[in-house]
There are 2 protein chains.
Amino acid sequence: MPSEKNTIVRIKDIALKAKVSTGTVDRVIHNRGRVAEDVKERVLKILKELNYEPNLMARMLGSKKQYVFAALLPDHAFDAFWLAPKLGIEKAERDLKQYGVRVEQYVFNPHDPQDYVKKAIKLTKMQPDGVLLSPIYYNETLPFFKKWNEAKIPFVLFNTQIADYDPLSYIGQDSYQSGLVAAKLVHYGQANPCSILIAHIDEEINNAQHLVKKEQGFRNYFIQNNLSHHYNILRVELNRSSQSGFIKKLDEIIESTVDLRQIFVTTSQAYDIAKYLEQRHIKNIRLIGYDLIPPNLYYLERGDISFLINQNPKGQGYWGINQLAEHIVFKREVPILKYLPLDIVTAENLNYFIDEKDDAFVDI
Amino acid sequence: MPSEKNTIVRIKDIALKAKVSTGTVDRVIHNRGRVAEDVKERVLKILKELNYEPNLMARMLGSKKQYVFAALLPDHAFDAFWLAPKLGIEKAERDLKQYGVRVEQYVFNPHDPQDYVKKAIKLTKMQPDGVLLSPIYYNETLPFFKKWNEAKIPFVLFNTQIADYDPLSYIGQDSYQSGLVAAKLVHYGQANPCSILIAHIDEEINNAQHLVKKEQGFRNYFIQNNLSHHYNILRVELNRSSQSGFIKKLDEIIESTVDLRQIFVTTSQAYDIAKYLEQRHIKNIRLIGYDLIPPNLYYLERGDISFLINQNPKGQGYWGINQLAEHIVFKREVPILKYLPLDIVTAENLNYFIDEKDDAFVDI
DNA sequence: TTGTATGCGTTATCAT
DNA sequence: ATGATAACGCATACAA
């Protein structure tokens, strides 16, 4: 075992031992070139030997470098879900401010691919040091991935995953696993055979992949646990654009399925079903959904929604910016995939997941 | 609105505006004295006006001050629960290392009050800048609180709360609320009337207060929801010191309560009941318990335990040290009470709560 | 290709 | 009671 030096190793120490100047060591550390090959190797060796770790404070102090990240995300005026990621991004910005990091937000209308592209172009023009985005339009996104790759601008994805052009990392949920969780809850609360409805309530087709995975996880739970013969699992795709169509379709299902006891809503629109059940005075059907948005919370607290699975939207924003900073500012390795916890939320533990406290994100 | 200056306000700027030197400003900021009253007030005023915020990097760089915190906690060799807080403490130490913070751990045998006192004495002798402890012995603790208060050493409590001698803050769970959560889960999974057993499995009497609160929360759920007449709620105190007594008591209850369907274990020993049910080949009784310790996880994954409520032990350690640093190093206000989320854990979302990833703590 | 000097914002140590 | 100035460890511009 090499002796554990208690004292901090500085560039000056390295320079001394390598019989060069601090400038040379600096050039080696940052690969700035202009240093002889043999010297470089010697310094590199000593760097390892002494286990040099840069003093981040000093580094940030000494460098007047400013970093600008760009965040491309949907306007929460159109869908309340997107407020939380925005807050997370802003929290991260506050945390990283002292390291010279600034975040510029580019908000787009999630119903308008044109706007998405427009904002993406604007963003690219700014030449940010890194990009965080929720790429809800696949085809529209790919060209930008290519551009950013060529410009060597790292980008991090959140909430929606696209594997092409290897992003720096993806932050989000494990949709399949969340389906398993939902199924477990359904199964736990439903001992007797019955029918179960999987409801996909799409506003857009954006997150189709997610919904498929959620359904797969949900169904596989019953298969893996040899419960398929106990439960009759139905599925429906609902569209809120036509209020009457929405109700009509539900009416049909309810009438034709007398033993329907549970509905699993794969999107954040569980409140729509809750409202429907309320209007129809149906009390013996339980609901599980996603996302802690206000209308869902209303029905959760009334007991009309049993559970909500929290997708940690604030954390997605926070960690997204954080990953960028880790990579770009601190030059550390970052995991390609960062799955956030699948929180099971009831009226009883709700407080801990919606509170305004800023520090609910820290990964310990 | 005063104009939002984009440039950073430095001590030098304050000095310039106040027509004094940076040294004087420094003395004002840190209350080091040796500055005329009128000058002090002038500087203070400008400090506010310009909304000065110190550059932490520069501060840490310029200051050779080192902080030593002491952590007093039970040895996890005696109870696996205590491993997590230790890991959290060590994670916090890593995070704060660059700010000159070091943490010294004082581990005691949780079955031996003498040892607790011994380690507390040793700790006090070291004159730490702050103390984090889990004060599992009330009477033995009070004298130290008094001492630390006199010595102006701030202390933070975790897991066990003692309000006397106003600690800097308490980190832990809301026991009452966790009882509500447990009851909700029981109720959700048990539509038909039945008997429910609350089992307190004490190793020590240490956490008696917690257990009472958990029971209160649990019972109140049924009262508040007008369900009392549906369920027959029993309670039992079990002691593991006598294996035969433990089994005998359970046998009696099982035999005399044919409609027993759920057991709520208020401590981390749910696995003991799971093991018992396994040996007796009882399959129609469900279990809810606390804490993600290995034996519990074993039965959770097998499905013998339905849910575990996670008390975030790692977070308790992490945030404990963090609160000390916030107060002592960064001189910020810290909340007197910090409740950690009540995570509902099943076999399906377990991964996210036990993973080794260090960053599972961040409060966003 | 290499070395030196200056500055970052703050603290701390001297003089005055 | 006050001011000037040298660290802190690193980055950077410039000199050699």
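Lettering of chains follows the sequences in order, A, B, ..., and the numbering in each one begins at 1.
- Shortest non-hydrogen contact noted between B/Arg42 and B/Val20 is NH1-CG1, 4.4 Å.
- You'll find that the side chain of B/Ala36 is closest to D/dA1, out of C/dT2, D/dA1, D/dG9.
- Using a 4.0 Å heavy-atom cutoff across all strands shown, B/Arg59 reaches sugar-phosphate atoms only and no base atom.
- Following rounding to the nearest Å, A/Arg34 (CZ) and D/dT12 (C1') show an atom-to-atom distance of 10 Å.
- As rounded to whole Å, 16 Å separates atom P of D/dC8 from atom CE of A/Met57.
- Here C/dG9 presents its P atom at 14 Å from NZ of A/Lys97, a figure rounded to the nearest Å.
- One atom, OH of A/Tyr99, and another, P of C/dC8, lie 20 Å apart when rounded to the nearest Å.
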Run the side-chain contact (heavy atoms from CB on, under 4.5 Å) check on A/Trp319 and A/Ser169 step by step: do they pass?
-> CA-CA 10 Å; A/Trp319 289 113; A/Ser169 72; over 6 Å; no

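- You'll find that the side chain of B/Ala58 is closest to C/dT10, out of D/dC10, D/dC14, C/dT10.
- With A/Asp13 contributing its side chain and A/Arg10 its backbone, the two residues share a donor-acceptor pair below 3.5 Å.
- Judged by the 6.0 Å distance and 45° axis criteria, A/Lys314 is not positioned over the aromatic ring of A/Tyr318.
- Exactly one of A/Val131, A/Leu72, A/Val117 qualifies for a side-chain contact (heavy atoms from CB on, under 4.5 Å) with A/Phe144. That residue is A/Val117.
- If you measure from atom CG of B/Leu61 to atom P of D/dA11, you get 11 Å, rounded to the nearest angstrom.
- With D/dA1, C/dA12, D/dG3 as the candidates, the nucleotide lying closest to the side chain of B/Ser63 is C/dA12.
- Regarding A/Arg42, its CZ atom lies at a distance of 13 Å from the C1' atom of C/dT1, rounded to whole Å.
- Backbone-only contact: A/Arg10 has heavy atoms under 4.0 Å from sugar-phosphate atoms and none from a base.
- The side chain of A/Val35 approaches C/dT2 more closely than any other nucleotide in the set D/dT5, C/dT10, C/dT2.
- The side chain of A/Arg27 has C/dG3 as its nearest neighbour among D/dG3, C/dA12, C/dG3.
- Between A/Tyr52 and D/dG9 there is no side-chain polar atom (N or O) within less than 4.0 angstrom of OP1 or OP2.
- The residue among B/Ser21 and A/Met60 whose nearest nucleotide of DNA chain D lies closer to the 5′ end is B/Ser21.
- An OP1 or OP2 oxygen of C/dG3 is reached within less than 4.0 angstrom by a side-chain nitrogen or oxygen of A/Thr24.
- Between the NZ atom of A/Lys19 and the P atom of C/dG3 there is a distance of 12 Å, rounded to whole Å.
- For A/Asn55 and C/dC8, the CG to C1' distance is 13 Å, given to the nearest whole Å.
- Closest to the side chain of A/Val39, from the set D/dT5, C/dT2, D/dA1, is C/dT2.
- Across all strands shown, A/Asp26 has heavy atoms under 4.0 Å from base atoms, whether or not it also approaches the sugar-phosphate.
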